[in-house]
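Both ligands and their constituent atoms are indexed starting at 1 by order of listing.
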Amino acid sequence: MIFKGTKKIGLLISALGLSVTAFCQTGKVYTIDPAQITAHIQPTMYGIFFEDINMGADGGLYAELVKNRSFEFGDALQGWKTEGGNGIVKVVDRSSERADNPHVINVDITSNSGAFSLINEGFRGMGIKKGEGYNFSVLSKQAADSKVKLTIELRDEAGKVIATTDLLPNGTTWAKHSAKLVATASANKAKLYISFKGKGSVDMDMISLFPQHTWKNRANGLRADLVQKLADMKPGFLRFPGGCIVEGRELKTRYQWKKTIGDIDTRENVINRWNTEFKHRLTPDYYQSFGLGFMEYFMLSEDIGAEPLPILNCGMACQFNSGELTELGQLDPYVQDALDLIEFANGGPETEWGKLRAQLGHPAKFNLKMLGVGNENWGPNYIDRWKIFHKAIKAKYPDVKIVTSTGTDPDGARFDTLNTAFRALGADILDEHYYRAPKWFRGNAKRYDKYDRNGPKIFAGEYAAQSVAIASPQNKNNWECALSEAAFMTGLERNADVVAMASYAPLFAHVDAWQWTPDLIWFDNEHSYGTPNYYVQKLYSLNKGTDVVPLLLNDEAVTGQNGIFATASIDKKTNELLIKFVNTTDAKQTAAFDVKGLAKYQPTATITTLQSNKLDAENSLANPVVIAPVVSQLKIAGKNLIVTVEPYSFTVIKLKAK
Ligand code: AHR
């Protein structure tokens with residue numbers, strides 16, 4: 001239980017038609033003055049944190065269905081199997097010609113009769129939908145006298161063929177060969193079979209299978225259902241590509257954006273740092289293909305109306321791992337990467353990197369306004385490196401805001417040192433992270449009340465309530481966590497003059513391949529669901545308004561008195577008043593809102609509620625909307641707005657001006 005409330009309040013009062021004076025004698029009266037603006041809410045306020053963790057990119061958002069398509073995993077044939085005795089597969093090392101894509105396979109079919117198949121298991125299987133089309137492709141070349149033909153099949157869990165086509169990959173020089181398949185049935189864990197007929201020898205690389213229906217039906221595209229969930233949030237920004245993945249466990253596996261653009265077969269694969277990070281959740285088949293690279297991230301941001309926020313390595317590998325450092329004198333290539341990235345995003349066709357963006361299909365600028373230097377880095381080494389980046393970026397691009405790490409925690413020595421240092425250095429935006437118990441979130445709704453109004457803006461860059469402990473595999477996306485985040489977020493919004501951006505983290509998790517929990521959106525190969533935390537984020541984002549107005553109880557902000565948290569804003573564009581009301585108690589609560597100028601609003605309020613009597617309730621693939629928004633209308637009778645809210649509930653009340 002979170003908080004024991006006074007059940008009698010809800011029982012004593014009829015919800016409608018009571019005057020504020022009468023109500024005062026029994027319940028709470030919250031005053032709201034929509035004309036008195038206290039803070040402007042940035043359009044960026046609620047956004048998305050994306051990282052390739054939990055198979056969030058490869059095996060997740062990135063719609064490629066073939067795992068290890070270019071044979072670059074540590075075990076070059078991981079994810080692949082063979083069947084039948086009529087062939088031999090060899091891994092060929094061509095690193096001297098192609099350091100970016102050093103391995104291909106050679107398949108030698110030894111006779112004109114007999115069977116041989118190459119089988120890919122997908123990312124914990126492949127999600128295939130009945131009636132949908134799939135694009136198969138391969139880069140290949142055959143030996144001069146070779147006559148190999150391919151049959152491409154998708155087979156379901158029972159081995160039944162659910163799609164098939166033939167392909168003749170002829171030609172003695174490397175070329176892309178493609179074929180289309182249409183599925184006659186659905187399967188959650190299908191496999192790809194490539195069967196070989198005809199004696200000969202064929203070299204193969206980039207063996208790929210994509211659904212035709214991707215987000216915006218783009219080739220090399222993204223999973224449409226997952227992007228839709230992001231678009232539905234109308235996020236203010238998209239932070240990418242992480243997270244610790246930016247840092248790498250050592251510098252050679254750090255994220256390097258320049259290697260993630262251009263032809264996908266030139267994007268050098270890198271082991272995913274979450275591969276064996278947690279002994280309790282080993283994922284040894286987790287690599288980054290970078291098929292979802294920086295161009296795709298920028299386009300995704302544009303598609304969903306989010307400001308792009310790339311985070312770059314600052315010359316330091318993850319300090320929880322190797323902590324490897326680039327010497328200050330060697331930092332130039334890292335700084336140059338940052339300057340070139342800004343040019344890539346914003347440069348005209350006359351610039352080297354702007355021209356490349358246009359060649360890659362996007363002549364229009366991405367209008368990058370901010371960029372992060374380092375993720376969860378800390379200590380004097382970080383400050384020294386940050387100063388070099390800061391000087392170079394501001395000299396060339398004074399308007400680009402720099403997002404700066406305050407370390408791993410929202411308090412303690414690391415935080416205090418960085419917070420003090422970067423405030424003195426005039427940082428633009430400080431990135432704070434908090435993975436804490438639900439109670440911490442309920443206790444910190446006032447965190448930003450005393451922050452310097454003239455100092456750096458705050459980016460609550462990664463946060464999530466942890467039901468057990470940080471990084472515990474037992475953590476749940478339960479209602480207590482989501483409700484506590486909703487309570488905390490009243491404090492973010494009330495302090496929107498200081499807090500400019502906020503994002504829950506991590507974003508995605510594959511139910512069969514995750515390392516970290518809790519996560520905002522869970523999925524399998526076919527379906528996905530939003531957690532209660534997702535719906536909290538979505539409700540805040542869709543109802544943020546443009547300006548904060550005072551919502552007071554006894555002349556004080558509502559920050560947990562009697563288990564209630566609340567905030568109010570107006571939307572100048574839609575002429576709405578938006579009240580967010582979080583009841584963390586186990587009792588119904590009836591609240592009277594004494595809204596100045598209530599008569600100016602239409603007499604019906606829209607009430608959207610997230611609620612459960614069970615704090616351990618969760619959504620799941622089987623039951624995706626146990627906790628999901630329920631919308632109702634409330635007639636405003638008399639002079640006051642009186643609303644009864646359920647125990648353990650988050651309610652958004654919307655009033656539209658006449
Ligand atoms: O969100 C998971 C991880 O938590 C991020 O990669 C990192 O920045 C933080 O420690």
Side-chain angles (χ1 to χ4, degrees), residues 47-58 60-61 237-250 253-255 270-278 280-281 283 286 288 292 297 309-314 316-323 371-379 382 403-412 414-415 418 429-437 440-441 459-477 481 485 501-510 513-522 531 533-534 537:
I48 293 174
F49 162 96
F50 182 88
E51 177 169 21
D52 190 3
I53 183 172
N54 306 316
M55 290 205 175
D58 288 292
L61 188 62
F237 64 89
L238 174 67
R239 170 188 178 143
F240 56 87
C244 293
I245 207 133
V246 169
E247 302 157 62
R249 288 164 85 163
E250 57 287 309
T253 56
R254 73 188 188 276
Y255 201 100
V270 171
I271 190 169
N272 189 301
R273 60 147 299 135
W274 299 106
N275 182 303
T276 49
E277 181 79 19
F278 294 123
H280 57 255
R281 293 290 306 181
T283 320
Y286 199 4
Q288 300 175 85
L292 168 53
Y297 282 124
L309 170 49
I311 308 285
L312 297 184
N313 186 293
C314 65
M316 299 173 77
C318 179
Q319 289 162 275
F320 288 121
N321 297 133
S322 71
L371 150 152
V373 173
N375 169 71
E376 283 198 353
N377 296 112
W378 69 82
Y382 175 53
V403 170
T404 300
S405 165
T406 56
T408 53
D409 295 276
D411 44 37
R414 282 178 196 159
F415 176 84
L418 295 182
I429 303 170
L430 296 180
D431 179 8
E432 298 188 354
H433 293 184
Y434 14 89
Y435 295 99
R436 288 287 191 269
W440 183 93
F441 283 86
F459 171 28
E462 292 185 30
Y463 65 90
Q466 313 284 300
S467 64
V468 178
I470 185 167
S472 165
Q474 309 306 330
N475 284 332
K476 303 288 181 215
N477 280 101
C481 289
E485 288 152 10
M501 298 189 294
S503 46
Y504 184 98
L507 179 63
F508 283 126
H510 190 301
W514 57 272
Q515 301 81 45
W516 180 293
T517 178
D519 304 287
L520 203 61
I521 298 167
W522 289 78
T531 57
N533 318 69
Y534 169 81
Q537 294 293 319

>> Regarding ligand 1, does Cys244 bring an N or O atom to under 3.5 Å of one of the ligand's N or O atoms?
In response: yes
>> Could you walk me through whether Asp52 and Asn272 satisfy the side-chain contact (heavy atoms from CB on, under 4.5 Å) test, starting with their C-alpha distance in whole Å, then the side-chain angles of each, then the deciding distance to 0.1 Å, before giving a yes or no?
In response: CA-CA 8 Å; Asp52 190 3; Asn272 189 301; 3.6 Å; yes
>> Please determine whether side-chain contact (heavy atoms from CB on, under 4.5 Å) holds for the pair Tyr382 and Thr404, giving the CA-CA distance in whole Å, both sets of side-chain angles, and the decisive distance to 0.1 Å.
In response: CA-CA 10 Å; Tyr382 175 53; Thr404 300; 3.7 Å; yes
For ligand 1, is there an atom lying under 4.0 Å from some heavy atom of [X]?
X: Phe320; result: no
X: Pro506; result: yes
X: Trp274; result: yes

>> I need the nearest protein heavy-atom contact for atom 6 (O) of ligand 1: residue, atom name and distance, please.
In response: Glu51 OE1, 2.5 Å
>> Return the closest protein heavy atom for atom 9 (C) of ligand 1 as residue, atom name and distance.
In response: Glu462 OE1, 3.0 Å
> Can you name the ring pair (Phe, Tyr, Trp, His ring centres under 6.0 Å) partners of Phe459, sequence neighbours left out?
Replying inline: Phe237
>> Going by the rule ring pair (Phe, Tyr, Trp, His ring centres under 6.0 Å), which residues pair with Tyr534 if we only count those two or more places apart in sequence or in a different chain?
In response: none
> With a cut-off of 4.0 Å, which atoms of ligand 1 are near a heavy atom of Glu376?
Replying inline: 7 (C), 8 (O), 9 (C), 10 (O)
> What atoms of ligand 1 come within less than 4.0 Å of a heavy atom belonging to Asn375?
Replying inline: 8 (O)
> Thinking salt bridges, do Arg273 and Glu247 make one under a 4.0 Å N-O criterion?
Replying inline: no
> Looking at Trp516, Tyr504, Tyr463, which one forms a ring pair (Phe, Tyr, Trp, His ring centres under 6.0 Å) with Tyr435?
Replying inline: Trp516
>> Regarding atom 1 (O) of ligand 1: of the candidates Phe49, Tyr435, Trp516, which has the closest heavy atom?
In response: Tyr435
> How close do His280 and Ala471 get, heavy atom to heavy atom, and via which atoms?
Replying inline: CE1-O, 3.6 Å
